[in-house]
A.B. asks: 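Have a look at the structure that comes next, please.
This chain uses plain numbering: 1 for the first residue, then up along the sequence.
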Amino acid sequence: MVTASWTFGRLDVWNVLSSVPPSSSLPVDVAVALLALHRAPFRIQIEENIAGRMSVEVFSLRLDGDGKPVSVAGDDEADEVVAIAVSQLDALGEHSAEAQFLRAPITSMAKWRGTDHVVVVAVDVRARRLVGYLKYGRKDLYFYSRRGVVRPFEQCLCLLDFYVLEAMQRGGLGRALCDAMLSGEGARPHEIAYDRPSPKLLPFLDKHYALTGADAQPNRFTIFAGFLPADQR
């Protein structure tokens, strides 16, 4: 049995029993989605079998003019989360590369610098541990329709890297990271180009966002049904 206590800022919103939610409650994944729509940081507390409690904070980070990671929302309370994320991003980027069988990490502090990428981080503040992240940004890309028609897309929103520690997966964190990206950009899942999606990401997108018709492009990005205009598919 998993109990989740959700807070928005300093205000307790509701408690959710995710295994068999009562009629007055919402499932955990729905709660995450609704909170993400507020376009603000939110805190997740998960207690499993009344043990192993963790408090996870999700923030979207960008680089300021001096190349320093800061909260996109300008939230001063994110300072602790930023410090933890900065100190552990390289290590988690290596874990992500290993999980995707990549030769080298595609996310690190060094690779982040000099870009306009946004990194959404999930930090267990009790354990002072970075447990997941999602990196996204915009790129000028070309996509082929199934009829072979080529169309340029300027400043296309792209999911570039996405990872949650194996021990923390299937607990709602991945959905929270994705929802933070979508709400922050005002985008829908099928409007995103996904960079080299892993075998785990494809069923995740199908389960949580009903994305079907995966179309792997020559540029190594994958798009889904609805990405291309109807007259260019």
A.B. asks: Do V70 and V81 belong together in a cluster built from hydrophobic side chains that touch within less than 4.5 Å?
C.D. replies: no
A.B. asks: For a side chain to side chain contact (heavy atoms under 4.5 Å, CB included) check, start with the C-alpha distance between F143 and R151, then their side-chain angles and the critical distance, and finish with the verdict.
C.D. replies: CA-CA 5 Å; F143 294 103; R151 181 186 174 184; 5.7 Å; no
A.B. asks: D116 side chain to G137 main-chain N or O, any donor-acceptor pair under 3.5 Å?
C.D. replies: no
A.B. asks: Starting from I106, walk the hydrophobic network (Ile, Leu, Val, Met, Phe, Trp, Tyr; side-chain heavy atoms closer than 4.5 Å) and list everyone else you reach, by chain and number.
C.D. replies: L102
A.B. asks: Could you tell me if the side chain of V164 sits less than 4.5 Å from the side chain of V131, heavy atoms only?
C.D. replies: no
A.B. asks: Looking at every heavy atom in both G226 and H190, which two are closest together, and how far apart are they?
C.D. replies: O-CD2, 3.3 Å
A.B. asks: Between D215 and Q217, do the side chains contain an N or O donor and an N or O acceptor separated by less than 3.5 Å?
C.D. replies: yes
A.B. asks: Rounded to the nearest 0.5 Å, what separation is found between the OG atom of S108 and the NZ atom of K135?
C.D. replies: 7.5 Å
A.B. asks: Not counting sequence neighbours, which residues clear side chain to side chain donor-acceptor pair (under 3.5 Å) with R129? List them please.
C.D. replies: none
A.B. asks: Decide if the gap between the ring center of F162 and the ring center of F204 is smaller than 6.0 angstrom.
C.D. replies: yes
A.B. asks: Short question: side chain of Q88, backbone of L130 - any donor-acceptor pair under 3.5 Å?
C.D. replies: yes
A.B. asks: Please list all pairs meeting salt bridge (Lys or Arg N to Asp or Glu O under 4.0 Å) that have one or both residues in residues 187-197, counting only residues at least two apart or in different chains.
C.D. replies: R188-E191
A.B. asks: If you round to the nearest 0.5 Å, how far is CG of L165 from CG of L173?
C.D. replies: 9.5 Å
A.B. asks: How far apart are the C-alpha atoms of F227 and L211, what are their side-chain angles, what is the distance that settles it, and do they pass the side chain to side chain contact (heavy atoms under 4.5 Å, CB included) test?
C.D. replies: CA-CA 10 Å; F227 181 90; L211 289 184; over 6 Å; no
A.B. asks: Does the pair E57 and R126 meet the rule for a salt bridge (Lys or Arg N to Asp or Glu O under 4.0 Å), with working shown?
C.D. replies: CA-CA 10 Å; E57 295 190 1; R126 293 181 185 274; over 6 Å; no
A.B. asks: What pair of heavy atoms forms the shortest contact from L201 to P197, and how long is it?
C.D. replies: CD2-CB, 3.7 Å
A.B. asks: Show the nearest heavy-atom pair for residues G132 and L177, with the distance to one decimal.
C.D. replies: C-CD1, 4.0 Å
A.B. asks: Between D64 (side chain only) and K68 (backbone N and O only), is there a donor and an acceptor less than 3.5 Å apart?
C.D. replies: yes
A.B. asks: Does a side-chain N-to-carboxylate-O contact under 4.0 Å join E166 and K200?
C.D. replies: no
A.B. asks: Are Y163 and L134 packed together at the side-chain level, in the sense that at least one heavy-atom pair is separated by less than 4.5 angstrom?
C.D. replies: no
A.B. asks: Taking side chain as C-beta onward, heavy atoms only, is T212 less than 4.5 Å from D206?
C.D. replies: yes
A.B. asks: Show your working on side chain to side chain contact (heavy atoms under 4.5 Å, CB included) between F221 and K139 and close with a plain yes or no.
C.D. replies: CA-CA 11 Å; F221 283 83; K139 291 179 175 289; 3.9 Å; yes
A.B. asks: Under a 4.5 Å cut-off applied to non-hydrogen side-chain atoms, are V125 and V56 in contact?
C.D. replies: no
A.B. asks: Please name all residues satisfying salt bridge (Lys or Arg N to Asp or Glu O under 4.0 Å) with R220, sequence neighbours left out, ordered by chain then number.
C.D. replies: none
A.B. asks: Could you give the side-chain donor-acceptor pairs of residues 153-161 under 3.5 Å, partners two or more places apart or in another chain?
C.D. replies:
from: Q155; atom 1: NE2; to: D140; atom 2: OD1; distance (Å): 3.3
from: D161; atom 1: OD1; to: S96; atom 2: OG; distance (Å): 3.0
from: D161; atom 1: OD1; to: Q100; atom 2: NE2; distance (Å): 3.1
from: D161; atom 1: OD2; to: T107; atom 2: OG1; distance (Å): 2.6
from: D161; atom 1: OD2; to: Y133; atom 2: OH; distance (Å): 2.5

A.B. asks: Can you list the residues that meet the side chain to side chain contact (heavy atoms under 4.5 Å, CB included) rule with V86, with sequence neighbours excluded?
C.D. replies: P69, V82, M109
A.B. asks: Apply salt bridge (Lys or Arg N to Asp or Glu O under 4.0 Å) to the pair R175 and D179, showing each step before the final yes or no.
C.D. replies: CA-CA 6 Å; R175 176 65 186 262; D179 284 345; 2.9 Å; yes
A.B. asks: Please walk me through it: do V118 and L61 pass side chain to side chain contact (heavy atoms under 4.5 Å, CB included)?
C.D. replies: CA-CA 6 Å; V118 175; L61 309 180; 5.9 Å; no
A.B. asks: May I ask you to test the H117-W112 pair for a side-chain heavy-atom distance under 4.5 Å?
C.D. replies: yes
A.B. asks: Just wondering, do F224 and Y194 contact through their side chains at under 4.5 Å, heavy atoms?
C.D. replies: yes
